[in-house]
Amino acid sequence: MEYQLQINNIKAKLQETRARKKQQEELIMKVENQALKNRFQALLDEIIQQEEREMEQLASHQEQLDSLIEK
């Protein structure tokens with residue numbers, strides 16, 4: 001049960017991160033100033049890294065839950 005709660009929390013964080021990622025991508029497309037665009041791209045890169053970490057966490061917790069269910 002605890003793993004399922006953690007999985008649900010990670011899924012919620014991942015959903016928020018993906019929404020932020022989409023907003024950042026849209027912002028980058030709208031901005032014409034190259035310096036600002038570069039700054040926004042750096043922020044997007046950080047968001048993408050966060051998304052990857054959350055996806056790894058989710059996969060790890062899901063594997064742990066699956067192994068507990070199999071026992």
Side-chain angles (χ1 to χ4, degrees):
M1 189 65 162
E2 181 181 329
Y3 279 109
Q4 191 60 51
L5 288 174
Q6 290 177 352
I7 288 170
N8 290 343
N9 287 338
I10 295 169
K11 283 181 179 180
K13 285 194 323 190
L14 185 56
Q15 189 174 11
E16 290 173 12
T17 300
R18 287 181 171 158
R20 285 182 45 225
K21 177 182 166 188
K22 185 175 185 214
Q23 285 179 324
Q24 196 68 21
E25 289 170 337
E26 291 171 357
L27 190 56
I28 290 169
M29 288 191 295
K30 292 177 185 176
V31 171
E32 294 182 21
N33 180 308
Q34 191 59 44
L36 199 51
K37 193 174 268 203
N38 290 343
R39 176 66 183 131
F40 289 160
Q41 183 62 49
L43 290 172
L44 177 60
D45 293 343
E46 291 175 18
I47 294 170
I48 290 170
Q49 289 176 353
Q50 181 179 350
E51 178 186 31
E52 290 170 355
R53 286 191 303 270
E54 289 170 355
M55 287 175 20
E56 288 172 5
Q57 273 187 320
L58 181 60
S60 173
H61 280 73
Q62 190 63 55
E63 285 175 15
Q64 291 173 355
L65 180 61
D66 291 346
S67 71
L68 288 174
I69 291 172
E70 289 175 3
K71 292 180 179 179

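No side-chain donor-acceptor contact under 3.5 Å links Gln49 and Asp45. A donor-acceptor contact closer than 3.5 angstrom is absent between the side chains of Glu46 and Gln50.
Of the inter-residue distances, the one linking Arg20 atom CZ with Leu44 atom CG reads 10.0 Å to the nearest 0.5 angstrom. Once rounded to the nearest 0.5 Å, the distance linking NZ of Lys21 with CG of Leu14 reads 9.5 Å. Once rounded to the nearest 0.5 Å, the distance linking OG1 of Thr17 with CD of Glu52 reads 11.5 Å. With rounding to the nearest 0.5 Å, the separation of OH in Tyr3 from CG in Asp66 is 11.5 Å.
The hydrophobic cluster containing Leu65 does not contain Leu5, counting ILVMFWY residues as joined when their side-chain heavy atoms lie under 4.5 angstrom apart, directly or transitively. With hydrophobic clusters built from ILVMFWY side chains whose heavy atoms lie under 4.5 angstrom apart, Met29 does not share a cluster with Ile47. Tracing side-chain contacts under 4.5 Å through hydrophobic residues (I, L, V, M, F, W, Y), one reaches Ile48 starting from Leu43; they form part of the same cluster. Clustering ILVMFWY residues whenever any of their side-chain heavy atoms sit less than 4.5 angstrom apart, transitively, puts Ile69 in the very cluster that holds Ile7.
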Under the side-chain contact (heavy atoms from CB on, under 4.5 Å) rule, what do Lys13 and Asn9 come out as? Steps first, then yes or no, please.
CA-CA 6 Å; Lys13 285 194 323 190; Asn9 287 338; 5.8 Å; no
Between Met55 and Arg18, does a side-chain contact (heavy atoms from CB on, under 4.5 Å) hold up when you go through it step by step?
CA-CA 11 Å; Met55 287 175 20; Arg18 287 181 171 158; 3.2 Å; yes
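Residue Glu2 qualifies as open at atom CD: its count of foreign heavy atoms under 6.0 Å is 12 or below. Heavy atoms from other residues, nucleotides or ligands lying under 6.0 Å from CD of Glu25 number more than 12.
Among Gln62, Gln57, Gln64, the single residue meeting the side-chain contact (heavy atoms from CB on, under 4.5 Å) criterion with Ser60 is Gln64.
No donor-acceptor pair closer than 3.5 Å links the side chain of Gln41 to the backbone N or O of Ile28.
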